[in-house]
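Data first, discussion second: the structure below is written as structure tokens.
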Amino acid sequence: MGYVISFEEANKIFADLQDEYEIWAPKRFVGMGRYSDTDLIKYDKVSTVEEIEYMDKSDFPAKEVLTPISESMFYFTEDEFIESKATNKKLLIFMRPCDIHAQHHQERIYLQNGGYADMYYKRMNEKVKIVMMECTVGWDTCYCISMGANKTEDYSMAVRFEDGQLRMDVKDEVFAPYFEEKEEISFQPEYVEKNQLTLDIPEIPNKEVLTKLKNHPMWQEYNKRCISCGACTIACSTCTCFTTTDIIYNENSNVGERKRTSASCQIKGFSDMAGGMSFRNTAGDRMRYKVLHKFHDYKERFKDYHMCVGCGRCIDRCPEFISIVAAVNKMSKAVDEIVAEENK
Ligand code: SF4
Ligand code: SF4
């Protein structure tokens, strides 16, 4: 059912919803961007529509609501432990279509991969209801259409922000009572139909070509350009890697907490193993790993679609102006060269 409501009416609905829900949405933090006089846009709890940044793309993805960059898993003493508590409330999250697709990848990795469900993710994921933020234009680093992530019907409600009012599609019956006596309209969200960026994802026909691609000189460019900061993966909508650390409290060394923190495959030492073994020792090796993971390995394993959703945040965040789209297009050219060489 479609409705049109004023910001004032929406704020009353928000107030009612907050008895049961935390409402999360992209929010602008003025002056907190990484360069002087720039803002940061990231997910945070909101209680009014005016707090939602709906004009610009968020620097960091919606995944942070469910998997914060750092979170406590449990607290321990020398002979027992207590699990950290999750919020008691349900979560209503405003997301763009690419972030909704990214959440499906997160669910697969955290809940299904290897037949094991990550309890910290599960307990949050079970609480989620999605409000899809209509996204009809995109930005200069988006390529969601190439990744098939520009459209979705997986939402409880969809919203179009207009000057002082919201048009909403309310699909989930749970939310129908909040809209009683509101003005009904015919409304279906629209989606971006053209991105400025497109990419050419190569089909890698066999393992021989894959091996040659892994050894192709194209990756060496990144030994000079990539500074291995990991900013691209922290901002990535679909990356899920984390590391764990035990924090021992100063006052009593038998007591502490275990935290998990987002980790990056782009940082030196990510693949260090016990015994001193280490893999992917150059920035180029690590870039190859990331690009192939997003645009080959994941799909090869799960047999449906690539991992990347084309949100472009990795491009936006890279301090060295490295574009994953340019990397994939170069990879495509390299595959063509390798296949042509094999067919000679
Ligand atoms: S690899 Fe880049 S474009 Fe793809 S999902 Fe991650 S941040 Fe978005
Ligand atoms: S690609 Fe860019 S953001 Fe990613 S690790 Fe390299 S320099 Fe950092």
Side-chain angles (χ1 to χ4, degrees), residues 26 33-35 41-43 57-64 66-67 69 95-109 135 138-150 152 192 195-201 218-242 262-271 280-299 302 304-331:
R34 62 181 167 171
Y35 303 117
I41 304 172
K42 68 183 187 78
Y43 273 76
K57 177 162 63 171
S58 63
D59 297 300
F60 292 95
K63 76 173 185 187
E64 283 191 11
L66 277 73
T67 52
I69 287 177
M95 298 186 194
R96 295 185 186 278
C98 60
D99 275 329
I100 297 172
H101 281 272
Q103 202 205 352
H104 297 157
H105 295 293
Q106 300 262 318
E107 283 171 351
R108 173 181 272 172
I109 297 297
C135 196
W139 290 268
D140 60 355
T141 54
C142 297
Y143 53 99
C144 52
I145 295 169
S146 299
M147 305 315 298
N150 58 317
T152 179
V192 61
N195 293 142
Q196 291 179 40
L197 275 183
T198 55
L199 81 177
D200 183 13
I201 306 171
M218 69 160 279
W219 304 110
Q220 286 168 21
E221 169 192 338
Y222 301 101
N223 291 337
K224 290 187 190 145
R225 293 185 62 201
C226 173
I227 57 170
S228 303
C229 64
C232 50
T233 55
I234 298 303
C236 177
S237 310
T238 56
C239 282
T240 53
C241 288
F242 61 83
S262 300
S264 172
C265 59
Q266 299 305 284
I267 290 177
K268 196 169 187 314
F270 174 80
S271 52
R280 302 191 286 275
N281 289 314
T282 68
D285 290 343
R286 295 188 285 273
M287 180 66 71
R288 181 197 65 213
Y289 173 77
K290 179 182 75 178
V291 174
L292 279 171
H293 186 58
K294 300 285 182 195
F295 294 93
H296 175 265
D297 302 348
Y298 180 92
K299 185 176 179 188
F302 296 111
D304 41 24
Y305 34 75
H306 289 295
M307 189 179 198
C308 174
V309 294
C311 68
R313 290 188 176 101
C314 55
I315 306 172
D316 296 326
R317 296 302 290 174
C318 178
E320 297 298 311
F321 303 106
I322 291 170
S323 161
I324 199 162
V325 170
V328 172
N329 288 340
K330 282 176 194 168
M331 183 167 85

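Please read these numbers as outputs of a predicted model, since none were measured by experiment. Quick note: numbers below take in every heavy atom, side chains included, and nothing from hydrogens, waters or symmetry partners. Order of appearance sets the numbers: ligands from 1, and atoms from 1 within every ligand.
A ring-centre distance under 6.0 Å is found for Tyr298 and His105.
Looking at atom 5 (S) of ligand 2, its nearest protein heavy atom turns out to be Gly230 N, 3.2 Å. Remark: minimum distance from atom 7 (S) of ligand 2 to any protein heavy atom is reached at Ile227 N, 3.4 Å. The nearest protein atom to atom 2 (Fe) of ligand 2, hydrogens excluded, is given as Cys318 SG, 2.3 Å; this is a heavy-atom distance. With respect to atom 8 (Fe) of ligand 2, the closest heavy atom belonging to the protein is Cys229 SG, 2.3 Å. Closest protein heavy atom to atom 6 (Fe) of ligand 2: Cys226 SG, 2.3 Å.
Using a 4.0 Å cut-off between charged nitrogen and carboxylate oxygen, Asp316 and Arg313 do not count as a salt-bridge pair. Electrostatic pairing of Asp59 and Arg34 does not count as a salt bridge here, judged by no charged N lying under 4.0 Å from a carboxylate O.
Aromatic ring orientation, His104 versus His101: perpendicular (interplanar angle above 60°, classes split at 30° and 60°).
To the nearest 0.5 Å, atoms CD1 (Ile324) and CG (Leu199) are separated by 9.0 Å.
Every atom of ligand 2 is numbered from 1 in the order shown, and the set under 4.0 Å from a heavy atom of Pro319 is 3 (S). Interface atoms of ligand 2 facing Gln266, defined by a heavy-atom separation under 4.0 Å, are 5 (S).
For atom 2 (Fe) of ligand 1, the neighbouring protein N/O/S atoms at less than 2.8 Å, given as residue and atom, are Cys314 SG.
Between Cys239 and Gln106 the shortest heavy-atom distance is O-NE2, 3.3 Å. Between Gln266 and Ser228, the closest heavy-atom pair is O-CB, 3.2 Å.
Distances from atom 1 (S) of ligand 2 to the heavy atoms of Arg317, Arg225, Glu320, Met287 show the closest one on Met287.
For Ser264, no heavy-atom contact with ligand 2 is shorter than 4.0 Å.
Leu292 is listed as a side-chain neighbour of Met331, based on a closest heavy-atom distance under 4.5 Å.
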**Test log, rule side-chain contact (heavy atoms from CB on, under 4.5 Å), inputs Met147 and Phe295** = CA-CA 10 Å; Met147 305 315 298; Phe295 294 93; 3.7 Å; yes
**Prompt:** Would Lys268 and Arg286 satisfy side-chain contact (heavy atoms from CB on, under 4.5 Å), going step by step from the backbone distance to the final call?
**Reply:** CA-CA 8 Å; Lys268 196 169 187 314; Arg286 295 188 285 273; 3.9 Å; yes
